Novice: 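A single structure is presented below for examination.
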Amino acid sequence: MTTPRLSPSESTQERVDNFYGSDVFSRRIMRQRLPKDVYRSLLRTIDLGEPLDPKAADVVAATMKDWAIENGATHFTHWFQPLTGLTAEKHDSLISPDGQGGVVFNFSGADLVQGEPDASSFPSGGLRATFEARGYTAWDPTSSAFLMRGENNVTLCIPTAFVSWTGEALDTKIPLLRSMEALSKQAMRVLRVFGKADGVARVFTTVGPEQEYFLVDRDLYFRRPDLLTSERTLIGAKPPKGQQLEDQYFGTIPPRVLAFMAEAENELYRLGVPVKTRHNEVAPGQYEIAPLFEMSQIASDHQMLIMETLKRVATRHGLTALLHEKPFAGVNGSGKHNNWSMATDTGVNLLDPQEETHTNLQFLVFLCAVIRAVDLHADLLRASIASAANDHRLGANEAPPAIISIFLGSMLTDILEQVEKGLPKRTLRGGTLDLGATTLPQLPRHSGDRNRTSPFAFTGNKFEFRAVGSSASIAWPNTVLNTIVAESLDYIATELERSLGPRATPQKRQQATLALLKKLIRQHKRVLFDGDNYSGEWHGEAERRGLPNLRDSVAAFGVMRARKNVEIFRKYGVLSKAEIDSRTHIAVEKYIKQITIESETLAGMARNLVLPAALRHQTVLAQAVSATRSAGVDAADSQQALEEFVGLVAELRRLAAALEQVAAHHDEDPLRHAQHIAQRVRPAMAALRAVVDQLESQVAADLWPLPTYRDLLFLK
């Protein structure tokens, strides 16, 4: 893509207007092109959640079509997010025969509002049988349509929801939107209690998800069967230099990588994705891109576009972007830190402590609502980030453990302790940092430190859910988070409304609020932990506190169907029991399929690549022993080395056969099958890998058939 040039007469703001979001059917374009009444009607749908006017849809469609054609579009697609964890699209031409030997461009309101993809070809978890094919996509006007540009094509992409013919959600967007409505309803009740609802139409959640990823040379990528099929290296000896010197993090970005980053950012800017930050991450070959905060459903759409854009643009630079949570053993994996908050449509962040935090009872109520939600539903929150890929990362040095706890920092912890004892009277101040040199500024210091080991940390005016995996859609974790917080806000609003009645004085409101906060803190403070989440002591302490520790995804999958979890989704209209069951089934099935693919790939690599190389090396060793003896020289050491190597080769054969045997097991019950994989297949894979990695360190470099970690991590 060519970056627009700034002409001498073009102001910076004009350049931004003409470039940023230039491929988005944005509000600016709608305001310019739509009739005023249609534009206002559409805004009421987008901003206030009012039903879409069918008459307005025809006008919007015609305007959108004209805009897309002017920008080179020939096709349109309903762009949606089925339960594959990816996006989906079916392209239809904007061109139709006119019956007179020519063509016309057609795109009606019906085309805009509804599509009909095949519902039986996507994962449904039992909601749809193979022969039950009808499903619908429905336009989501809250997320802007955009143009996707290829080398010789432009496609109009319309963000949509995906629903079964029976009305059951088959995607990630519908539950997310439902959860946001549930939270808004309960948050508005709390605002009304505090007399802060005037002028506020709704509350929404905001997300700013950071995206970590690896880059590897594309030629090397195609020479690794494991990267091709699994996007992670199933074998690979640890190189002498990894990340131990800590010289990669925030280091100078290599020119080839920076060129890729710049092009990816330019494409994202045109798509209206507000990316802000780029930098080297901790591991060699690892990087990060982070956007600004947006409404959750828009942030979710944009996050999918970020992942797709990274993949697409990397190929133009001879690179491949790896989004897997743990593509390389022994170095940091990749996450997607999910920075989450709540805000009113008037722009008030409900998780902003403000200056005198101890007097801000409304903030403390919303804070304690989150604490209560995480404590009561830690199991569900853990299940929301469960996957075969994320199991490699959780609990390692770069990711929080599977025990869900909350870090608040010293200032908020102190205030909650004050509330528990009585009336809070102070807010701790961070002060300033004097750097000891007059030429350097005095820096304002936050009142609390950050804790990168915590899975759920308060970071100034938001919570950072650090356990989300890098390859995952953020829609499902945020659906869970919104729903459990909605339940807590419902509980709090009900308690306060009951205590205060219709005519509450400020003094009575303060007394009732403090009494409820004390109760919430005493009941749920067990989930608060500001220490080192990696330490063994914390695991013991968490067990004493009664916090759940779902160590792997298979254990986490089971809690999805727990009665309390099914009930909370049903109560707030987010998911029916059938929809929950389907998502559990899909998650378990995906886990089984992913590891089955990995185990078969690993066994094949061991037999077809590693074993022949090892045998060639063994032959060279044997010939060396024979030649040494023929020369009349003692070959005892060489003979011992040969025998040890032969033993490794024999062990390779044995472990490859053992892996194939345990991987061949099948159980009709999916969860039992997943448990077998976790308990038998994954250990067998680890055992085989250990021998392969040992062989890699001994086989001659010119005989080893695969690019090594040194090649993959350091070749830029």
Side-chain angles (χ1 to χ4, degrees), residues 17-81 87-117 134-150 152-163 171 173-174 177 269-273 295 297-298 301-302 305:
D17 291 342
N18 292 330
F19 176 52
Y20 182 80
S22 59
D23 281 348
V24 178
F25 193 67
S26 62
R27 292 192 184 208
R28 177 173 61 87
I29 292 173
M30 289 190 288
R31 184 174 63 250
Q32 293 170 350
R33 291 175 175 253
L34 291 174
K36 286 185 179 180
D37 58 334
V38 173
Y39 176 63
R40 290 169 181 163
S41 173
L42 185 58
L43 286 191
R44 287 195 296 272
T45 298
I46 295 171
D47 295 335
L48 304 178
E50 292 185 5
L52 178 69
D53 182 354
K55 295 179 182 178
D58 283 323
V59 180
V60 173
T63 306
M64 190 183 293
K65 175 201 68 178
D66 292 342
W67 168 77
I69 292 170
E70 289 169 15
N71 284 277
T74 59
H75 289 69
F76 74 94
T77 182
H78 276 195
W79 184 80
F80 60 101
Q81 298 167 39
T87 61
E89 53 196 58
K90 180 190 73 170
H91 296 196
D92 287 307
S93 178
L94 290 165
I95 302 170
S96 300
D98 64 0
Q100 300 177 10
V103 297
V104 293
F105 285 88
N106 279 331
F107 184 63
S108 67
D111 294 327
L112 171 64
V113 170
Q114 181 176 328
E116 188 179 340
R134 195 178 297 280
Y136 303 109
T137 48
W139 176 37
D140 173 18
T142 68
S143 188
S144 298
F146 58 92
L147 300 175
M148 186 60 70
R149 297 181 181 272
N152 61 353
N153 58 84
V154 180
T155 304
L156 170 63
C157 297
I158 302 157
T160 57
F162 182 37
V163 64
D171 70 345
K173 171 162 282 192
I174 293 174
L177 290 171
Y269 292 150
R270 291 188 65 159
L271 293 170
V273 181
M295 290 174 63
Q297 84 279 12
I298 297 173
D301 284 358
H302 283 172
L305 284 175

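Only a predicted model underlies this, so the values are computations on that prediction, with no experimental measurement involved.
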Novice: Partners of Ser143 by side-chain hydrogen bond (donor to acceptor under 3.5 Å, both in side chains), sequence neighbours excluded?
Specialist: Asp301
Novice: Could you tell me which residues satisfy ring pair (Phe, Tyr, Trp, His ring centres under 6.0 Å) with Phe146, sequence neighbours excluded, listed by chain and number?
Specialist: Trp79
Novice: Which distance, rounded to the nearest 0.5 Å, do you find between the CD1 of Ile158 and the OG of Ser144?
Specialist: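 The CD1 atom of Ile158 sits 12.0 Å away from the OG atom of Ser144.
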Novice: Got a sec, which residues hit side-chain hydrogen bond (donor to acceptor under 3.5 Å, both in side chains) with Ser108, two or more places apart in sequence or on another chain?
Specialist: Asp111
Novice: To the nearest 0.5 Å, what is the distance between CG (Asp92) and OG1 (Thr74)?
Specialist: 11.5 Å
Novice: Heavy-atom distance under 4.5 Å between the side chains of Met148 and Cys157, does that happen here?
Specialist: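 Met148 reaches Cys157 side chain to side chain.
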Novice: The criterion is side chain to side chain contact (heavy atoms under 4.5 Å, CB included); which residues satisfy it with Asn71, sequence neighbours excluded?
Specialist: Trp67, Leu147, Arg149
Novice: To the nearest 0.5 Å, what is the distance between OG1 on Thr137 and NE2 on His78?
Specialist: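 One finds 5.0 Å between OG1 of Thr137 and NE2 of His78.
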Novice: Checking side chain to side chain contact (heavy atoms under 4.5 Å, CB included) for the pair Met30/Phe25: CA distance, chi angles, key distance, verdict?
Specialist: CA-CA 7 Å; Met30 289 190 288; Phe25 193 67; 3.3 Å; yes
Novice: Tell me, which pairs form a salt bridge (charged side-chain N to carboxylate O under 4.0 Å, His left out) where one or both residues lie in residues 49-60, sequence neighbours left out?
Specialist: Arg44-Glu50
Novice: Which pairs, with at least one residue in residues 64-75 and sequence neighbours excluded, count as a salt bridge (charged side-chain N to carboxylate O under 4.0 Å, His left out)?
Specialist: Arg33-Glu70
Novice: For Phe162 and Pro117, which heavy atoms make the closest approach, and how far apart are they?
Specialist: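 That closest heavy-atom pairing would be CE1-CG, 3.5 Å.
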Novice: List in chain and number order the residues that pass side chain to side chain contact (heavy atoms under 4.5 Å, CB included) with Val113, two or more places apart in sequence or in another chain; answer none if no residue qualifies.
Specialist: Leu52, Ala57, Trp139
Novice: Determine whether Phe105 and Ile95 make a side-chain contact, defined as any pair of heavy atoms from C-beta on separated by less than 4.5 Å.
Specialist: yes
Novice: Got a sec, which residues hit salt bridge (charged side-chain N to carboxylate O under 4.0 Å, His left out) with Arg40, two or more places apart in sequence or on another chain?
Specialist: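 With neighbours one apart ignored, the set is empty.
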Novice: Judged by atom type as modelled, is there a donor-acceptor pair below 3.5 Å linking the side chain of Tyr20 to the main-chain atoms of Gly272?
Specialist: yes
Novice: With sequence neighbours left out, what residues match Ala61 under side chain to side chain contact (heavy atoms under 4.5 Å, CB included)?
Specialist: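 Ala61 satisfies side chain to side chain contact (heavy atoms under 4.5 Å, CB included) with Phe107, Leu112 once adjacent residues are dropped.
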Novice: Are any non-hydrogen side-chain atoms of Met295 and Thr142 less than 4.5 angstrom apart?
Specialist: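 With C-beta onward as the side chain, the pair stays apart.
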Novice: Is a donor on one side and an acceptor on the other found under 3.5 Å between the side chain of Thr63 and the backbone of Leu34?
Specialist: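 The answer is no, because no donor-acceptor pair under 3.5 Å joins these two groups.
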Novice: Mind checking what makes side chain to side chain contact (heavy atoms under 4.5 Å, CB included) contact with Gln114, not counting sequence neighbours?
Specialist: Tyr136
Novice: First locate atom OG of Ser22, then atom CZ of Arg28, and finally report the distance between them rounded to the nearest 0.5 Å.
Specialist: 8.5 Å
Novice: CG/Leu94 to CG/Asn106 distance, rounded to the nearest 0.5 angstrom?
Specialist: 9.0 Å
Novice: Can you name the salt bridge (charged side-chain N to carboxylate O under 4.0 Å, His left out) partners of Asp47, sequence neighbours left out?
Specialist: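 Testing Asp47 for salt bridge (charged side-chain N to carboxylate O under 4.0 Å, His left out), a comparison that skips the adjacent residues, returns Arg27.
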Novice: Could you note down all residue pairs passing salt bridge (charged side-chain N to carboxylate O under 4.0 Å, His left out) where residues 136-148 supplies at least one of them, sequence neighbours left out?
Specialist: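 Checked against salt bridge (charged side-chain N to carboxylate O under 4.0 Å, His left out) - neighbours excluded - the pairs reaching residues 136-148 are Asp140-Lys173.
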Novice: Let me confirm one number: the CD1-CZ distance from Ile174 to Phe80, rounded to the nearest 0.5 Å.
Specialist: 11.0 Å
